[in-house]
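Written below as structure tokens is the structure these notes are about.
None of these values were measured; they are calculated from a predicted model. Note on naming: letters A, B, ... go to the chains in the order of the sequence lines (proteins, then strands), and numbering restarts at 1 for each one.
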Number of protein chains: 2
Amino acid sequence: MRPTIYDIAERAEVSIATVSKVINNKGKIGEKTKQRVLAIMDELDYQPSTVASALTGKQTNTIGLLVPDIANSFFAELARSVEDTGHAGGFNVVICNTDNNPEKEIQYLWWLNQKRVDGIILGTGIQNTKALQDFMKQNIPLALVARDAAEIDVDTVLVDDYRGGYAATKHLLKAGHTRIAFVVGEMNNSSDTERLKGFYEAYDEHGVSREEAVLVQDNHSIDDAKKSMLEALQSDPDITAVFALNDFLAIGCIQAGKEAGRRVPEDLSVVGFDDTFIATLSDPPLTTVAQPILEMGRLVTQMLVDRIGGKNETTRTVILNPELHVRKTTANVKKAERDVTNS
Amino acid sequence: MRPTIYDIAERAEVSIATVSKVINNKGKIGEKTKQRVLAIMDELDYQPSTVASALTGKQTNTIGLLVPDIANSFFAELARSVEDTGHAGGFNVVICNTDNNPEKEIQYLWWLNQKRVDGIILGTGIQNTKALQDFMKQNIPLALVARDAAEIDVDTVLVDDYRGGYAATKHLLKAGHTRIAFVVGEMNNSSDTERLKGFYEAYDEHGVSREEAVLVQDNHSIDDAKKSMLEALQSDPDITAVFALNDFLAIGCIQAGKEAGRRVPEDLSVVGFDDTFIATLSDPPLTTVAQPILEMGRLVTQMLVDRIGGKNETTRTVILNPELHVRKTTANVKKAERDVTNS
DNA sequence: TTGAAAGCGCTAACAG
DNA sequence: CTGTTAGCGCTTTCAA
């Protein structure tokens, strides 16, 4: 069996209290005893049980991370950043895939609570606000990332989605596009709605009627986006550009464009969102609104760790600026028309 | 504060032993008391502390997963599968990114041990065999996935890398390619060496001299692959095909090809490995040797969970068959020559 | 059926 | 400086 603090105490001929003190480097212990105890701990491969010390009021040094799907690059990259930062602070992180399923979200929350994790990062929308507020009575540190939830008062890190939507749209509008497809998932979270607001704001500012825009909803995968974009392109050939709310959907749109015989970017401009690695690997490389994923992960984790440590009193919301990364999937609409004529 | 078993017992006017029994559905308790206790637990949002019960001999219901980098799609998809399967069995999973760094590998192992996780899945090469064997004295259930380690006796799930390498190469050879670049990372694990063996075996079988092959090593990223492939292509224009050991590297090679003015697949055929989602999203879609990632994750996790539960006595090694998925990045070399002549 | 009591491995007063 | 002791929240005999 694994050695316990008693085994160490016995072999070192001291009390368990003394051993505990050298483990935690607390109180005063003679240098000699300390060395002796240390030597024996080493010899026996002794490690204090986190389980036992957690029971006596200490932490579990574990945090939970809820995301819709870790296989989605955005969340994978975010998780990497969270884990790195947590690791640096002595924390392990347990991942939870919610699939945006309200029941799984709540279930995971309670599971983590039962395991006495020290804190939880929510990278998934919590649909059931009531249940969440109930949960918060447990008083376990929470932090939000890439999600906004005005109803609850917790540390939050996100990107200015409104500006992101605005920037992407303006870029397209300036290139002469007016009939733009807005390709989105469920449109059930603040990110989506904020981006749409920015989208419309740009329309207004350019004096283009919002009627010109075409909303393409309910896209949950590359294939969904491809399919619905294909339909949109067929029923409305005037569409010359698309703004997709994540890089995956954008890739689907590029594929749809190609399948519909539209060259990208000459005949169809595409802008994505997130700037995960697939944006650079796409062909052509994708113009997209970049979220500083790694920084977001680092920030939330740091905020959560600080809160666990009892620092920062008031809750904070950090809003980062998204940045439009112009690559090769967007072109001037005039150029597009000229090309079409020539071919 | 969170309610404890004592609070429940008090309110229900029974002993904590009774409460414990209804929690675990053990022993015999009167239906009435049972209902009363249950009602109170519910009312108080009571959840037994995993920490406390783990201290009294029960499990933590947590497993660890070590991977080089969760941001790498192969491991992200694997992690998703592991988490799903674990979740179904009542386990949470904590992720650990090792970056293939021997020190991090060992450190994580001991961290997890200290937290008393019930088992660990190794999806990363453990370079330090000695340290690993030392660790195994802790007697904590271990399982390997996508890695082979003949030195240690643990449950293992992997793909037949030899066959995978052979299949990919044969596909290229049959298309008339002989000068093939073998693009690999560090070549420091069994997967890589086995695939190389399969690669050479195909050469031998086709009566092509192994001298024809060109090894391109030390590629750790898309950019690495792109760069070294570009160099290879310039210094050796006779190369007409490449076999890259993962999809990322393959994408880099496609990019290199395009940059070198080679059309893919007409002037350069590319075969990857893994079949992560980026293979379908690449342009053209990537021909690649598919690993059944989800199944692999499901299997190891199930094996580990079974072992934790005290089932399966002897350790097992499950070898899955890789499958060549032919898509659009490979073409006949003759056709390539003809095309070149025409243009 | 129910309960009393002894631990699980560790921490934290409080005494010496 | 070092040791004694009382818990932390739960499980598990063993009696009643």
Between [options], which one does the side chain of [X] approach most closely?
X: Ser49(A); options: dG9(C), dG9(D), dT11(D); value: dG9(C)
X: Thr33(A); options: dT1(C), dT2(D), dG7(D); value: dT2(D)
X: Ser15(B); options: dT12(D), dT2(D), dA4(C); value: dA4(C)

In this structure, how many angstroms lie between the [atom2] atom of [N] and the [atom1] atom of [X], rounded?
X: Ile8(A); N: dT11(C); atom1: CD1; atom2: C1'; value: 17 Å
X: Asp7(B); N: dC8(D); atom1: CG; atom2: C1'; value: 13 Å
X: Ile23(A); N: dG9(C); atom1: CD1; atom2: P; value: 13 Å
X: Ile5(B); N: dG9(D); atom1: CD1; atom2: C1'; value: 7 Å
X: Lys28(B); N: dT12(D); atom1: NZ; atom2: C1'; value: 17 Å
X: Leu55(B); N: dT11(D); atom1: CG; atom2: C1'; value: 10 Å
X: Lys34(A); N: dT2(D); atom1: NZ; atom2: P; value: 12 Å
X: Ile16(A); N: dT5(D); atom1: CD1; atom2: P; value: 11 Å

Original post:
So, is Ser20(A) close to the dT11(C) phosphate, meaning a side-chain N or O under 4.0 Å from OP1 or OP2?
Top reply: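 Affirmative; the distance criterion is met.
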Original post:
Under 4.0 Å: is that the gap between some side-chain N or O of Lys26(B) and OP1 or OP2 of dT12(D)?
Top reply: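 Yes, because at least one side-chain N or O of Lys26(B) sits under 4.0 Å from OP1 or OP2 of dT12(D).
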Using a heavy-atom cut-off of under 4.0 Å over every strand shown, decide if [X] touches base, sugar-phosphate, or nothing.
X: Val51(B); value: nothing
X: Val19(A); value: nothing
X: Ser53(B); value: sugar-phosphate
X: Gly30(A); value: sugar-phosphate

Original post:
Is there a donor N/O on one and an acceptor N/O on the other, under 3.5 Å, for the side chain of Tyr6(A) and the base of dC10(C)?
Top reply: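 Looking at the base of dC10(C), it does pair with a donor or acceptor on the side chain of Tyr6(A) (distance under 3.5 Å).
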Subject >> 5′-ward residue of the pair Gln47(B)/Lys21(B) relative to DNA chain D >> reply: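 Here Gln47(B) is the residue nearer the 5' end.
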Subject >> Along DNA chain C (nearest heavy atom to each residue), the more 5'-positioned of Lys58(A) and Thr18(B) >> reply: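 In this pair, the answer is Thr18(B).
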Subject >> Residue met sooner reading DNA chain C from 5', once Thr4(A) and Arg36(B) are mapped to nucleotides >> reply: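 Nearest nucleotide further toward 5': that of Arg36(B).
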Subject >> Euclidean distance, Asp153(A) CG relative to Leu144(A) CG, rounded to 0.5 Å >> reply: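 Output value for this atom pair is 11.0 Å.
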Original post:
Under the criterion salt bridge (charged side-chain N to carboxylate O under 4.0 Å, His left out), which of Arg316(B), Arg307(B), Lys311(B) is the partner of Asp155(B)?
Top reply: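 The single option meeting the salt bridge (charged side-chain N to carboxylate O under 4.0 Å, His left out) with Asp155(B) is Arg307(B).
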Original post:
Would you say the side-chain atoms of Glu103(B) and Gln107(B) include a donor-acceptor pair closer than 3.5 Å?
Top reply: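 On atom types as modelled, these side chains do not qualify, holding no pair under 3.5 Å.
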Original post:
Between Asn113(A) and Gln47(B), do the side chains contain an N or O donor and an N or O acceptor separated by less than 3.5 Å?
Top reply: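 Judged by distance alone, the side chains do pair up.
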Subject >> Aromatic plane relationship, Tyr108(A) with His87(B) - under 30° parallel, 30 to 60° tilted, over 60° perpendicular >> reply: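 Rings of His87(B) and Tyr108(A): tilted, as their planes differ by 30° to 60°.
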Original post:
Any chance CD of Glu10(A) has more than 12 other-residue heavy atoms, nucleotides or ligands included, within less than 6.0 Å?
Top reply: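 No, not enclosed.
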